[in-house]
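Beneath this line is the structure, given in structure tokens, with notes to follow.
Only a predicted model underlies this, so the values are computations on that prediction, with no experimental measurement involved. By convention here, the first residue in the shown sequence is residue 1.
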Amino acid sequence: MLEVFACRLPQVHSEVTLHHYSDYLPPLKKIQIHRYRRIEDAYRTLVGYLLLRKILMKKLPKVDFTKLQFSKYGKPFLNADPFPPFSLSHSGDWCVCAVGTDGMVGIDLEKITKPKPELHSLLFREEEECMGAKDFFNRWTIKESYLKAIGTGLLVDLQEIEMEEKNRSEFEVNHQEKRYPGGKVKVYNLLKQYSLSLCTLSTEEKLPQHLKLVTFEEIIKSSAQTV
């Protein structure tokens, strides 16, 4: 079953908390956290990976989360059997994580702001029209969630990703030249002022209708209990 979890960042950002709980993360992410100049950026990475840790430890209690590895494109993965496909993203005050059972998944979250003009040419073809910030970020998250699912990230041109609307919130996505498998995407409007898209490459997995909210206190408690 494919599930989506969301956690809001705490209002108070503590250096003590940051340093303590970063020890539960893979070494690469711990180093990254301590290199951030802004504590808000460090907290997004911390909360995102603690959320992922909580979910994976429930499904695979014997797995050592600090052994999480990363592909050359930065996609996290676990050498575990069974291997659960997962993806995470964060923006603004929220972190989200998707975990499935079949086929690769990708999730992307973006806070809706005024789009930078230079990004329009990356996302839209000449014949396409942007209908405003909401349309821009919906398209962006749809395409980036697909790129996360296929594992390439933004190394593939966004304009090479074709979208076919099935209904107001679900799309079929494919690579223009069919170099990668196709997928299906759902756009969620459950977090105000955010665009959130989930992609699965599985033909069997159903896209969930709702998010499962997890509090920061819950993921902290979970980390303390699994030491």
Side-chain angles (χ1 to χ4, degrees), residues 1-7 48-49 51-60 63 65 68-91 94-110 123 135 137-191 194-214:
M1 181 173 65
L2 183 53
E3 299 175 285
V4 182
F5 302 84
C7 180
Y49 278 90
L51 175 62
L52 176 62
R53 181 181 187 272
K54 172 181 170 59
I55 299 163
L56 292 183
M57 293 295 288
K58 185 175 181 180
K59 295 179 179 293
L60 302 168
V63 168
F65 187 74
L68 191 72
Q69 300 180 55
F70 299 86
S71 73
K72 63 180 180 179
Y73 301 116
K75 185 178 178 67
F77 67 93
L78 275 170
N79 282 324
D81 186 19
F83 171 75
F86 59 85
S87 180
L88 70 160
S89 183
H90 51 70
S91 182
W94 287 92
C95 297
V96 292
C97 178
V99 179
T101 54
D102 178 67
M104 300 308 292
V105 299
I107 194 166
D108 190 53
L109 174 72
E110 298 290 343
L123 187 60
D135 178 46
F137 283 103
N138 278 352
R139 284 173 177 258
W140 184 281
T141 59
I142 289 169
K143 294 190 175 188
E144 187 164 350
S145 68
Y146 173 67
L147 295 181
K148 285 185 172 183
I150 63 176
T152 65
L154 292 174
L155 292 177
V156 171
D157 192 334
L158 288 169
Q159 289 194 13
E160 295 178 8
I161 310 306
E162 297 179 334
M163 302 163 36
E164 181 181 351
E165 186 173 353
K166 308 307 290 184
N167 56 52
R168 295 186 64 182
S169 65
E170 295 189 10
F171 297 79
E172 287 187 0
V173 287
N174 288 281
H175 185 264
Q176 191 176 48
E177 299 179 3
K178 309 299 182 184
R179 294 179 183 174
Y180 305 96
K184 53 188 178 184
V185 176
K186 182 172 179 62
V187 178
Y188 297 86
N189 295 301
L190 303 176
L191 301 178
Y194 289 83
S195 178
L196 171 63
S197 292
L198 170 67
C199 175
T200 177
L201 305 185
S202 170
T203 57
E204 302 297 327
E205 291 268 38
K206 291 184 178 180
L207 293 163
Q209 297 299 311
H210 304 288
L211 311 181
K212 296 184 177 182
L213 297 180
V214 181

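Considering every non-hydrogen atom in both Tyr146 and His175, the closest pair reads OH-N, 3.6 Å. Contact detail for Leu201 and Gly182: the closest heavy-atom pair is CD2-O, 3.6 Å. What you find for Ala149 and Cys199 is that their closest heavy atoms are CB-SG, 4.0 Å. The heavy-atom pair separating Lys184 from Thr203 by the smallest distance is NZ-O, 4.0 Å. The two residues Leu68 and Pro76 make their nearest non-hydrogen contact at CD2-CB, 4.0 Å.
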Mind running side chain to side chain contact (heavy atoms under 4.5 Å, CB included) on Lys75 and Met104 for me, showing each step along the way? CA-CA 11 Å; Lys75 185 178 178 67; Met104 300 308 292; 3.5 Å; yes
Just do the side chain to side chain contact (heavy atoms under 4.5 Å, CB included) check on Met163 and Glu172 with the steps written out, would you? CA-CA 6 Å; Met163 302 163 36; Glu172 287 187 0; over 6 Å; no
Test side chain to side chain contact (heavy atoms under 4.5 Å, CB included) on Thr152 and Tyr180 and set out the steps. CA-CA 10 Å; Thr152 65; Tyr180 305 96; 3.9 Å; yes
Apply side chain to side chain contact (heavy atoms under 4.5 Å, CB included) to Phe5 and Leu211, showing your working. CA-CA 6 Å; Phe5 302 84; Leu211 311 181; over 6 Å; no
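Checked against Asn138 for a side chain to side chain contact (heavy atoms under 4.5 Å, CB included), the options Val187, Val185, Leu196 give a single hit: Val187.
Ser145 contributes atom OG, which lies 10.5 Å from atom CZ of Phe171 (distance to the nearest 0.5 angstrom). Separation of atoms CD1 (Ile142) and CG (Leu158) is listed at 11.5 Å; rounding is to 0.5 Å. Here CG of Leu88 is found 6.5 Å from NZ of Lys148. Values are rounded to the nearest 0.5 Å. With rounding to the nearest 0.5 Å, the separation of NE2 in His210 from OH in Tyr188 is 9.5 Å. Atom-to-atom distance recorded for Glu162:CD and Glu160:CD is 10.0 Å, nearest 0.5 angstrom.
Checked by atom type, the side-chain pair Asp108/Ser197 shows no donor-acceptor distance below 3.5 Å. There is a side-chain donor-acceptor pair under 3.5 Å between Ser202 and Asp102.
The main-chain N or O of Ser195 is never found under 3.5 Å from a side-chain atom of Glu110 such that the two would form a donor-acceptor pair. Glu205 places a side-chain N or O within 3.5 Å of a backbone atom of Thr101 that can act as its donor or acceptor partner. Formation of a donor-acceptor pair under 3.5 Å by the Ser87 side chain with backbone atoms of Ala98 is not found in this model. Side-chain atoms of Lys143 come within 3.5 Å of backbone N or O of Ile161 as a donor-acceptor pair.
Looking at heavy atoms from C-beta onward, Leu198 lies out of side-chain contact with Val96 at the 4.5 angstrom threshold. Here the side chains of Val4 and Cys97 are not in contact, with every heavy-atom distance at 4.5 Å or above. With contacts defined as side-chain heavy-atom distances shorter than 4.5 Å, the pair Leu60/Pro84 qualifies. The side-chain heavy atoms of Leu2 and Thr200, taken from C-beta on, include a pair separated by under 4.5 Å.
With sequence neighbours excluded, the residues satisfying side chain to side chain contact (heavy atoms under 4.5 Å, CB included) with Lys54 are Val214, Ile219, Ser222. Under the rule for a side chain to side chain contact (heavy atoms under 4.5 Å, CB included), the partners of Ser169 that lie at least two apart in sequence or sit in another chain are Asn167, Lys186.
Sorted by first then second residue, the ring-ring contact (aromatic ring centres under 6.0 Å, His included) pairs that include residues 148-170, not counting sequence neighbours, number zero.
Between Phe65 and Tyr49, the ring-plane angle classifies as tilted under the 30° and 60° cut-offs.
Classification of Lys212 and Glu3 as a salt-bridged pair holds, one side-chain N sitting under 4.0 Å from a carboxylate O.
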